[in-house]
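Worksheet: one structure, shown below.
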Amino acid sequence: MKKLRIRIDQWVKSTEAQWKTFPIKRQRFLTALFFTGYSLMTLLMIIIQIASKKGSDSKDMPPIRHIITKPADVTIKNKAGYHSLYNSSQNNQDEKPK
């Protein structure tokens, strides 16, 4: 393990020394180039994953739509001391306006 660690440390030091020999302008260009390549690869992989999931799961999953009304079989229960706007507006329809 010690030999492996020593070899890795030597490789890192030699690579860093080579990097420092480049002019600053070249270092900035290479950094921008590596970052751009990484970003493009990441974006490409995201697009591929979305396309592959969309093709296989679109038949199994129903479309997502806006909920217009609550389902008929759902009942809303009030807890003691808790008044929801939905239930209080329904209960107050019988009262006369002041």
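Any value given below was found using the heavy atoms of this structure, including those in side chains, with hydrogens, waters and symmetry copies removed.
Interatomic distance, Phe29 CZ to Phe22 CZ, rounded to the nearest 0.5 Å: 11.5 Å.
Considering only residues two or more places apart in sequence or on other chains, Ile46 meets the side-chain contact (heavy atoms from CB on, under 4.5 Å) condition with Thr42, Ile50.
No continuous path of ILVMFWY side-chain contacts below 4.5 Å connects Phe35 to Leu40, so the two sit in separate hydrophobic clusters.
Within the structure, salt bridge (charged side-chain N to carboxylate O under 4.0 Å, His left out) pairs that include any residue of residues 14-35 comprise Glu16-Lys20 (at least two apart or interchain).
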Would you tabulate the side-chain donor-acceptor contacts of residues 3-14 under 3.5 Å, counting partners in other chains and residues two or more places apart, or write 'none'?
from  : atom 1 : to    : atom 2 : distance (Å)
Ser14 : OG     : Gln10 : O      : 3.3
Ser14 : OG     : Trp11 : O      : 2.9

